[in-house]
Amino acid sequence: METKQLERSLTLGSVVLFGLAYMTPIIVLGTFGILAQMTDGMVPASYLVALVAMLFTAYSYGRMAAAFPVAGSAYTYTRKSIHAKLGFLVGWAVLLDYLFLPMAIWLIGAAYLASAFPGIPMAVWVIAFIVFTTLINIVGLKMANTVNYLMMLLQFLVLLAFVALCIHYVAGDASKPLWNLAPFFRGDMKLPMIMAGAAVACYSFLGFDAVSTLTEETRDARRTIPRAIMWITIIGGLIFVVTSYFVQLAHPSSQFKSVDDAAFEIAKNIGGDLFASIFLIGLIVGQFASGLSAQASASRLLYAMGRDAVLPPSIFGKLHARFRTPVNNLLICGMVALLALKLDVTTSTSFINFGAFLAFSFVNLSVIAHYYVRQRRRAPRDFFLFLLFPLIGMLADLWLLVSLDSRAIMLGLVWLALGIAYLAKLTGFFRREPPELDFVEAEG
């Protein structure tokens, strides 16, 4: 395959917009019921905790993107700054995110469709999501991107309308003040519940680090990418906090007919059946668009791993002769997503977060290893930038990890054990270095 130099055309604004679109902000509504139940009606507090934790990790991602302005993200940072074998395991944890994220996205969308059309089993909707997104991605990424941009615009408009109707609903009730600290702080609040909620809320932030893969297409990447990562985290976090605040005011209770599709119930209360239908369309469109991107990204990561012999090349390293897309990998992603038929939204999102928190922890550790240990950046200012801040980020990520759903932790540990076993096989029981992934041609 011919190697081509990627054009450096992306600016700070375009990179930030890409990151925000990748995060799919409407997901704050998709998981609202789950978080409301977990936190006893304090969803904004969980998002605020998650935002603070993610800011420290975003800072570390920015520092590592400046040090290693190449695609590969957490895998590359850990491999280059700590150890190749540890880098492989971080890459394995990231693979968990990529491989199972479409499953969670489609499961959330299917839960809402099943609520709107109770006569149709949820399994039908899950399978429909898998089939349609897989077919679009097989035809090609250019078509998927065109569909994706249109869908992203629609979901942003629906999200704005939802918040506006929540404000209108609260303002019309004299018993409900528009400014209230209760969603953030109450005398009876329980910190473990808030942390458990924050651990799930971090699912909404997944993707803030995705722009680190655009380093080879960004102008002045060493400065632009770190700034973009921080701006994406701040803007995305504020969207989540503000949205959940007004939705929580409109529905202070943590009780719903179904927690998996609670926002559909709230949409009916604040805007009637017509807006509930519009909201459902917006959320499904958002989930469909997000699923397209997630499946395309996962298939191309698997292709990179197959091409570089990290995974069997005969299966994972091939492109379709006509469409030039990794069809085998797209089908594998679809088959993995069938697990959604056996999991609920809470477990599936928590399972994905296990991989994310593990990768986030090592990105923070990579900052310490690269700047503080190897480069011996030990000035008083450097103590904060290259030791204290990343250490806080790592501890926050580990705290969120242990706050996850117990079944998700168990599944995550099984996945990690499989990664260690596969690494042992790949390296002759740890005697050789693992193959190094080259992400430059991952688009294939």
Looking at every non-hydrogen atom in both residues, tell me the closest pair between [X] and [Y] and how far apart they are.
X: Q248; Y: P44; answer: OE1-CD, 3.8 Å
X: S46; Y: T39; answer: OG-CG2, 3.0 Å
X: L29; Y: T243; answer: CD2-CG2, 4.0 Å
X: V43; Y: S244; answer: CG1-CB, 3.7 Å
X: L398; Y: S361; answer: CD2-OG, 3.5 Å
X: C202; Y: M54; answer: SG-CE, 3.9 Å

Indicate yes or no: at least one non-hydrogen side-chain atom of [X] is less than 4.5 angstrom from one of [Y].
X: F360; Y: L401; value: no
X: F316; Y: Y303; value: no
X: L341; Y: V126; value: yes
X: Y75; Y: V94; value: no
X: L385; Y: R377; value: no
X: K318; Y: P326; value: no
X: W415; Y: L95; value: yes
X: L411; Y: T347; value: yes

Backbone N/O of [Y] and side chain of [X]: donor-acceptor pair under 3.5 Å:
X: D97; Y: A356; answer: yes
X: R432; Y: L426; answer: yes
X: T325; Y: I138; answer: yes
X: Q37; Y: S254; answer: no
X: R378; Y: F383; answer: no
X: W92; Y: Y422; answer: no
X: D405; Y: A408; answer: yes
X: Y372; Y: L388; answer: no
X: R431; Y: G428; answer: yes
X: S299; Y: A296; answer: yes

Taking everything shown except [X] itself, do over 12 heavy atoms lie less than 6.0 Å from its [atom1]?
X: F430; atom1: CZ; value: yes
X: L181; atom1: CG; value: no
X: W231; atom1: CH2; value: no

*asked:* Before you tell me yes or no, could you show the steps for K85 and E433 under side-chain contact (heavy atoms from CB on, under 4.5 Å), namely the whole-Å CA-CA distance, both residues' side-chain angles and the distance that decides it to 0.1 Å?
replied: CA-CA 7 Å; K85 294 184 179 69; E433 293 295 284; 2.9 Å; yes
*side-chain contact (heavy atoms from CB on, under 4.5 Å) assessment of I130 paired with C333*: CA-CA 9 Å; I130 293 171; C333 291; over 6 Å; no
Please round to the nearest 0.5 Å and tell me the distance separating atom [atom1] of [X] and atom [atom2] of [Y].
X: M23; Y: F205; atom1: CE; atom2: CZ; value: 5.5 Å
X: I332; Y: T134; atom1: CD1; atom2: OG1; value: 11.5 Å
X: L20; Y: I235; atom1: CG; atom2: CD1; value: 5.5 Å
X: I82; Y: L365; atom1: CD1; atom2: CG; value: 4.0 Å
X: S81; Y: Y371; atom1: OG; atom2: OH; value: 10.0 Å
X: F429; Y: T427; atom1: CZ; atom2: OG1; value: 8.5 Å

*So Y245 and W179, would you call those rings parallel, tilted or perpendicular, with 30° and 60° as cut-offs?*
parallel
*asked:* For F184 and M42: C-alpha separation, side-chain torsions, deciding distance, then whether side-chain contact (heavy atoms from CB on, under 4.5 Å) applies.
replied: CA-CA 6 Å; F184 294 102; M42 298 187 69; 5.7 Å; no
*Should I167 and L249 be marked as a side-chain contact (heavy atoms from CB on, under 4.5 Å) after you check the CA-CA gap, both sets of side-chain angles, and the distance that decides it?*
CA-CA 8 Å; I167 294 172; L249 289 185; over 6 Å; no
Would the [X] and [Y] ring centres measure less than 6.0 Å apart?
X: Y47; Y: F240; result: yes
X: H251; Y: F256; result: yes
X: F68; Y: H370; result: yes
X: F162; Y: F279; result: yes

*Test: R407 and D344 ion pair at under 4.0 Å*: yes
*Is D40 paired with R186 through a side-chain N to carboxylate O contact shorter than 4.0 Å?*
yes
*Give every residue pair that meets the ring pair (Phe, Tyr, Trp, His ring centres under 6.0 Å) criterion with at least one member in residues 327-358, sequence neighbours excluded.*
F100-F351
_Residue pair Y59 / R63, side-chain donor-acceptor N/O under 3.5 Å_ = yes
*Verify the distance criterion only: is there a donor paired with an acceptor across the side chains of T57 and N364 at less than 3.5 Å?*
yes
_Checking side-chain contact (heavy atoms from CB on, under 4.5 Å) between Y203 and each of V345, L101, I34, which is the one that passes?_
L101
